[in-house]
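Read through the structure below, which is laid out as C-alpha coordinates, and then see the notes.
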Amino acid sequence: MTQQASKLVIVTEKLLLKEIAKIIDAAGATGYTVVAAGGKGSRNVRSSGQPAVSDTFSNVKIEVLTASRDVALQISDEIAQRFFDNYSGITYIHEAEVLRAHKF
(Lines give C-alpha, C1' and ligand atoms only; values in the text may rest on other atoms or scores of the structure.)
Protein backbone atom coordinates (compact mmCIF):
# COMPACT_ATOMS: atom_id res chain seq x y z
CA MET A 1 0.00 0.00 0.00
CA THR A 2 1.21 3.53 -0.79
CA GLN A 3 0.30 6.98 0.47
CA GLN A 4 0.75 10.44 -1.04
CA ALA A 5 3.00 12.76 0.98
CA SER A 6 4.96 15.98 0.75
CA LYS A 7 8.72 15.82 1.22
CA LEU A 8 10.20 19.00 2.64
CA VAL A 9 13.94 19.37 2.05
CA ILE A 10 15.93 21.85 4.13
CA VAL A 11 19.59 22.55 3.32
CA THR A 12 21.26 24.77 5.89
CA GLU A 13 24.06 25.19 8.38
CA LYS A 14 24.63 22.33 10.82
CA LEU A 15 24.61 24.61 13.85
CA LEU A 16 20.86 25.18 13.27
CA LEU A 17 19.99 21.47 13.39
CA LYS A 18 18.76 21.29 17.00
CA GLU A 19 16.51 24.34 16.65
CA ILE A 20 15.13 23.11 13.31
CA ALA A 21 14.44 19.69 14.83
CA LYS A 22 12.36 21.40 17.53
CA ILE A 23 10.32 23.21 14.85
CA ILE A 24 9.75 19.94 12.97
CA ASP A 25 8.65 18.13 16.12
CA ALA A 26 6.38 20.98 17.23
CA ALA A 27 4.64 20.93 13.84
CA GLY A 28 3.69 17.30 14.38
CA ALA A 29 5.94 15.62 11.82
CA THR A 30 6.64 12.00 12.74
CA GLY A 31 10.35 12.14 11.92
CA TYR A 32 13.11 13.41 9.68
CA THR A 33 16.39 12.34 8.08
CA VAL A 34 19.66 14.30 8.28
CA VAL A 35 22.69 13.89 5.98
CA ALA A 36 25.87 15.93 5.53
CA ALA A 37 25.70 18.38 2.63
CA GLY A 38 27.89 20.78 0.73
CA GLY A 39 27.77 22.85 -2.41
CA LYS A 40 27.72 26.37 -3.80
CA GLY A 41 25.04 29.03 -3.61
CA SER A 42 24.55 32.74 -3.12
CA ARG A 43 26.80 32.63 -0.06
CA ASN A 44 29.63 30.93 -2.00
CA VAL A 45 31.09 27.44 -1.60
CA ARG A 46 30.18 25.59 1.59
CA SER A 47 31.70 22.59 3.29
CA SER A 48 31.39 19.24 1.57
CA GLY A 49 30.55 17.62 4.88
CA GLN A 50 33.92 15.88 4.98
CA PRO A 51 35.71 15.64 8.35
CA ALA A 52 37.81 18.66 9.24
CA VAL A 53 39.34 20.26 12.30
CA SER A 54 35.92 21.75 13.08
CA ASP A 55 32.55 21.01 11.51
CA THR A 56 30.94 24.13 12.99
CA PHE A 57 30.50 25.57 9.51
CA SER A 58 29.36 22.41 7.74
CA ASN A 59 25.96 22.02 6.13
CA VAL A 60 23.21 19.45 6.50
CA LYS A 61 20.27 18.34 4.39
CA ILE A 62 17.15 17.55 6.40
CA GLU A 63 14.28 15.66 4.76
CA VAL A 64 10.81 15.57 6.31
CA LEU A 65 7.91 13.50 4.95
CA THR A 66 4.47 14.76 5.93
CA ALA A 67 1.01 13.60 4.97
CA SER A 68 -0.02 17.26 4.85
CA ARG A 69 1.49 19.83 2.49
CA ASP A 70 0.29 22.50 4.94
CA VAL A 71 2.52 21.05 7.67
CA ALA A 72 5.51 21.10 5.30
CA LEU A 73 4.79 24.74 4.40
CA GLN A 74 4.36 25.67 8.07
CA ILE A 75 7.77 24.18 8.92
CA SER A 76 9.42 25.83 5.93
CA ASP A 77 7.91 29.25 6.67
CA GLU A 78 8.99 29.22 10.32
CA ILE A 79 12.54 28.13 9.49
CA ALA A 80 12.90 30.79 6.80
CA GLN A 81 11.49 33.50 9.05
CA ARG A 82 13.67 32.62 12.04
CA PHE A 83 16.97 31.80 10.37
CA PHE A 84 17.47 32.60 6.71
CA ASP A 85 18.12 36.33 7.07
CA ASN A 86 21.28 35.50 9.04
CA TYR A 87 22.24 31.97 7.95
CA SER A 88 22.53 30.24 4.61
CA GLY A 89 19.70 27.90 3.71
CA ILE A 90 17.05 26.86 1.26
CA THR A 91 13.87 24.80 1.48
CA TYR A 92 11.88 23.06 -1.23
CA ILE A 93 9.01 20.62 -1.47
CA HIS A 94 8.56 17.48 -3.57
CA GLU A 95 5.42 15.45 -3.90
CA ALA A 96 6.19 11.87 -2.90
CA GLU A 97 4.55 8.48 -2.75
CA VAL A 98 5.40 6.61 0.43
CA LEU A 99 5.88 2.87 0.12
CA ARG A 100 5.13 0.69 3.14
CA ALA A 101 2.68 3.42 4.19
CA HIS A 102 1.76 1.51 7.34
CA LYS A 103 5.14 2.71 8.74
CA PHE A 104 4.39 6.36 7.87
Side-chain angles (χ1 to χ4, degrees):
M1 179 174 218
T2 64
Q3 178 178 335
Q4 293 302 117
S6 292
K7 179 172 80 169
L8 172 64
V9 178
I10 307 149
V11 181
T12 193
E13 299 179 37
K14 183 178 181 180
L15 61 93
L16 299 176
L17 180 57
K18 287 183 182 179
E19 290 302 313
I20 289 174
K22 289 177 188 176
I23 292 168
I24 293 168
D25 290 339
T30 58
Y32 53 89
T33 300
V34 180
V35 295
K40 181 180 178 198
S42 64
R43 296 187 186 221
N44 297 313
V45 175
R46 298 293 297 181
S47 165
S48 65
Q50 298 301 313
V53 175
S54 170
D55 67 352
T56 302
F57 300 107
S58 64
N59 286 347
V60 291
K61 180 169 83 169
I62 305 160
E63 296 182 354
V64 184
L65 281 171
T66 67
S68 165
R69 182 178 175 87
D70 291 338
V71 170
L73 290 171
Q74 173 190 339
I75 294 167
S76 176
D77 289 347
E78 184 170 348
I79 289 168
Q81 179 184 17
R82 287 184 53 190
F83 303 116
F84 289 170
D85 284 342
N86 299 309
Y87 299 93
S88 64
I90 189 167
T91 60
Y92 53 94
I93 295 176
H94 290 277
E95 294 310 311
E97 187 172 357
V98 177
L99 306 175
R100 294 183 55 204
H102 64 282
K103 292 285 199 178
F104 179 58

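The model shown is predicted, which means the values in this text are computed figures rather than measured ones.
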Are [Y] and [X] connected into the same hydrophobic cluster when the rule is that any two of I, L, V, M, F, W, Y join if their side-chain heavy atoms are below 4.5 Å apart?
{"X": "Ile20", "Y": "Val34", "result": "yes"}
{"X": "Tyr92", "Y": "Val60", "result": "no"}
{"X": "Val9", "Y": "Tyr87", "result": "no"}
{"X": "Val11", "Y": "Phe84", "result": "no"}

Euclidean distance, [Y] [atom2] relative to [X] [atom1], rounded to 0.5 Å:
{"X": "Gln4", "Y": "Arg69", "atom1": "CD", "atom2": "CZ", "answer": "12.5 Å"}
{"X": "Leu8", "Y": "Glu63", "atom1": "CG", "atom2": "CD", "answer": "9.5 Å"}
{"X": "Asn59", "Y": "Thr12", "atom1": "CG", "atom2": "OG1", "answer": "7.0 Å"}
{"X": "Ile23", "Y": "Tyr32", "atom1": "CD1", "atom2": "OH", "answer": "11.5 Å"}

Of all heavy-atom pairs between Ile93 and Ala72, which one has the smallest distance, and what is that distance?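 That would be CD1-CB, 4.0 Å.
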
Which residue, Leu16, Ile24, Ile75, Thr91, forms the side-chain contact (heavy atoms from CB on, under 4.5 Å) with Ile62?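 Answer after filtering Leu16, Ile24, Ile75, Thr91: Ile24.
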
Qualifying residue for side-chain contact (heavy atoms from CB on, under 4.5 Å) with Ser6, from Leu73, Asp70, Thr66, Leu65: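 Running side-chain contact (heavy atoms from CB on, under 4.5 Å) over Leu73, Asp70, Thr66, Leu65 with Ser6 returns exactly one hit, Thr66.
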
Any side-chain donor near an acceptor of the partner, Ser88 and Glu13, under 3.5 Å: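 Present: a donor and an acceptor within the cut-off.
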
Heavy-atom count around Glu95 CD within 6.0 Å, excluding the residue itself: above 12?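 More than 12 heavy atoms, drawn from other residues, nucleotides or ligands, come within 6.0 Å of this atom.
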
